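For reference, the structure is listed below as structure tokens.
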Amino acid sequence: MSPFFVTDNGRVIASQTINASDALTNSDIFAVVSRIASNVAMTSYKTDNPLINKAIKQPSQYINGYSFWQKVVVQLLLTGNAYVLINRDGNNIPRSFIQVPASNVQINLLSKDAGDPVNDIVYTITLDSENSKTFTVRSSDVLHFRCLVSGFDEQTRGYCGISPLVSLAQEVSIQNNSNRLANASLSHAIAPSYVIKLPQNQIKDALKENWRNQVEKMTSGVNTGRALVMDTSMDLQPLQVNPNIDSLLSNTRFSQSQIAKAFGIPDEYLNGQGDQQSSIQMMNSLYVNGLAPYVSSLTSEMSAKFGVDVRADFTNLADVDHSQLISQISSLTSSKNTVIPSRLAVRILRNNDALGLADISDDDIDSDFKASEQAGTSSVAASPPTNNNKEGDQDEEQTD
């Protein structure tokens with residue numbers, strides 16, 4: 001049930017962490033995991049090999065690329081490890097991938113010093129899609145993504161990752177207890193709506209029930225909102241919710257900050273109270289920097305197993321509407337400080353599908369530039385030289 005176990009004198013003890021399946025029932029953890037997994041899956045991964053690029057973009061025949069990598073990152077965040085089996089063609093080029101649940105993977109470390117034939121990590125994988133067949137695969141054919149590798153625990157020996165959920169056991173427990181206390185306080189505070197005081201010292205239950213029914217009749221149904229008429233011997237007081245309950249509800253902000261901190265993203269994305277001194281661009285930059293470790297976990301592993309450099313493009317995350325790119329291109333092509341020519345600027349915008357330029361062909365762009373250049377040349381040639389001196393005026397400029 002837990003992401004990993006710690007051994008103690010031969011006994012297996014569940015580590016003090018959060019159940020991965022129950023973690024998503026916490027709205028704050030769900031928000032963080034969903035956002036990180038979605039954004040990492042949206043990131044564009046490219047290599048110099050077109051076949052590998054196609055495999056990364058279309059990793060499976062059963063699920064689209066975005067959902068496939070989102071599922072991989074969710075497993076990485078919740079369990080600390082994610083396993084992807086590589087299917088290669090006859091030229092040893094990756095053509096597709098199979099995501100394997102962490103519970104279906106067993107890791108064995110082989111060493112020649114221990115009598116094994118090779119020094120390697122071997123993965124014993126059970127595939128549900130293959131009628132629960134078990135395969136033994138070498139590390140070169142498995143993408144093993146790790147969230148955090150500490151190297152201090154004896155069981156993983158530094159070859160497995162640790163989930164951020166490990167550090168949140170206490171915080172989530174505090175949040176759950178606070179939520180239960182707040183719910184209990186609200187339900188007990190709101191349930192009775194009125195208190196009825198009668199002058200008698202002791203009242204029989206039948207008389208109490210009769211008074212209760214009379215008050216409910218006066219305050220509900222067609223009488224809702226109407227004035228109440230009572231004699232001086234009766235005292236009716238509405239109950240109010242204890243103002244201290246608000247402080248109970250505010251306790252969740254502490255846990256929200258701790259959860260965001262554990263996953264390495266700004267807590268403003270959880271509590272909705274952004275820093276008023278920070279710009280949107282600064283917040284996006286901080287968030288993208290928080291995603292960098294998770295993206296690096298993917299690119300580093302893929303580069304090692306594919307044999308080519310895998311690069312990540314964060315453009316779609318930091319500048320969704322291309323406003324920053326357009327602003328930068330505009331400043332680089334300004335007449336006062338021209339750094340790049342206009343044609344190159346348009347080509348950059350077109351490659352990033354900005355301003356709808358991706359729908360315009362290169363021939364149309366070239367023809368527009370030629371027409372603009374010809375129009376500019378003809379207008380300059382047709383303009384007569386300007387004489388600022390009025391007719392009859394004498395040139396007052398004196399020369400030495």
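What you see is a predicted model; the values in this text were computed from it and never measured. Keep in mind that the numbers below use all heavy atoms, side chains included, and drop hydrogens, waters and symmetry copies.
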Residues in salt bridge (Lys or Arg N to Asp or Glu O under 4.0 Å) contact with Arg347, at least two apart in sequence or another chain:
none
Examine distances only and state if a side-chain atom of Lys305 and a backbone atom of Val142 form a donor-acceptor pair shorter than 3.5 Å.
yes
Any side-chain heavy-atom pair from Lys57 and Lys54 closer than 4.5 angstrom?
no
Any chance you could lay out the ring-ring contact (aromatic ring centres under 6.0 Å, His included) test for Phe306 and Phe97, step after step, and finish with the verdict?
CA-CA 12 Å; Phe306 296 164; Phe97 306 100; 5.8 Å; yes
Give me the atom names and distance for the closest heavy-atom approach of Ser297 to Leu76.
OG-CD2, 4.4 Å
Say you draw a straight line from CG of Leu165 to CD1 of Ile259; how long is it, rounded to the nearest 0.5 Å?
9.0 Å
Transitively linked via ILVMFWY side-chain contacts under 4.5 Å: Leu148 with Val105?
no
Looking only at non-hydrogen atoms, find the nearest pair between Asn53 and Thr47 and report the distance.
OD1-N, 2.7 Å
Which residues satisfy the ring-ring contact (aromatic ring centres under 6.0 Å, His included) test with Phe145, sequence neighbours excluded?
none
Within the 6.0 Å centroid threshold, strictly below: Phe263 and Phe30:
no
Taking Val122 as the starting point, is it possible to reach Leu109 by hopping between hydrophobic residues whose side chains are less than 4.5 Å apart?
no
Is there a donor-acceptor pair closer than 3.5 Å between any side-chain N or O of Tyr294 and the backbone N or O of Ala37?
no
For residues Leu110 and Ile107: do they belong to one hydrophobic cluster (side chain heavy atoms under 4.5 Å, members Ile, Leu, Val, Met, Phe, Trp, Tyr)?
no
Given 3.5 Å as the limit, does a donor-acceptor pair link the side chain of Asn210 with the main chain of Ala206, or not?
no
Just by modelled atom types, is the Asn39 backbone N or O under 3.5 Å from a matching donor or acceptor in the Thr43 side chain?
yes
State the CD-OG distance between Glu301 and Ser296, to the nearest 0.5 angstrom.
13.0 Å
Return yes if some donor-acceptor pair links the side-chain N/O of Ser38 with the main-chain N/O of Ser34 below 3.5 Å, else return no.
yes
Specify the closest pair of heavy atoms between Ala102 and Thr79, including all atoms of both residues, with the distance to one decimal.
CB-OG1, 4.2 Å
For Pro164, is there any backbone N or O sitting under 3.5 Å from a side-chain donor or acceptor partner on Ser167?
yes
Locate the shortest heavy-atom distance separating Pro94 from Ala55; write the atom from each residue and the value.
O-CB, 3.5 Å
Separation between CG (Leu78) and CG (Leu24), nearest 0.5 Å, reads 5.0 Å
Return yes if some donor-acceptor pair links the side-chain N/O of Ser303 with the main-chain N/O of Val310 below 3.5 Å, else return no.
yes
Value for OH (Tyr83) from CG (Leu143), rounded to nearest 0.5 Å, stands at 12.5 Å
Between the main-chain N or O of Asp128 and the side-chain N or O of Ser132, is there a donor-acceptor pair closer than 3.5 Å?
no
Residue Arg88 excluded, over 12 heavy atoms near CZ under 6.0 Å:
yes
Is atom NZ of Lys71 surrounded by more than 12 heavy atoms (other residues, nucleotides or ligands) closer than 6.0 Å?
yes
Hey, could you give me each pair passing ring pair (Phe, Tyr, Trp, His ring centres under 6.0 Å) that has a residue in residues 112-143? Not counting sequence neighbours.
Tyr123-His144
Using the side-chain contact (heavy atoms from CB on, under 4.5 Å) rule, take Ile98 and Asn87 through it: C-alpha gap first, then chi angles, then the decisive distance, then the call.
CA-CA 8 Å; Ile98 301 176; Asn87 288 328; 3.7 Å; yes
So which atom in Asp89 and which in Ile93 form the shortest heavy-atom distance, rounded to 0.1 Å?
OD1-N, 2.8 Å
Taking Arg146's backbone N and O only, do any of them form a donor-acceptor pair with Asn81's side chain (distance below 3.5 Å, no angle check)?
no
Interatomic spacing from CH2 in Trp69 to CG in Asn64 - rounded to 0.5 Å
12.5 Å
Can you tell me how far CG of Asn104 sits from CG of Leu85, rounded to the nearest 0.5 angstrom?
12.0 Å
Between Val40 and Ile63, is there a shared hydrophobic cluster once you connect ILVMFWY residues whose side-chain heavy atoms come closer than 4.5 Å?
yes
Donor-acceptor pair, distance only, cut-off 3.5 Å: does the side chain of Asn119 make one with the backbone of Lys112?
yes
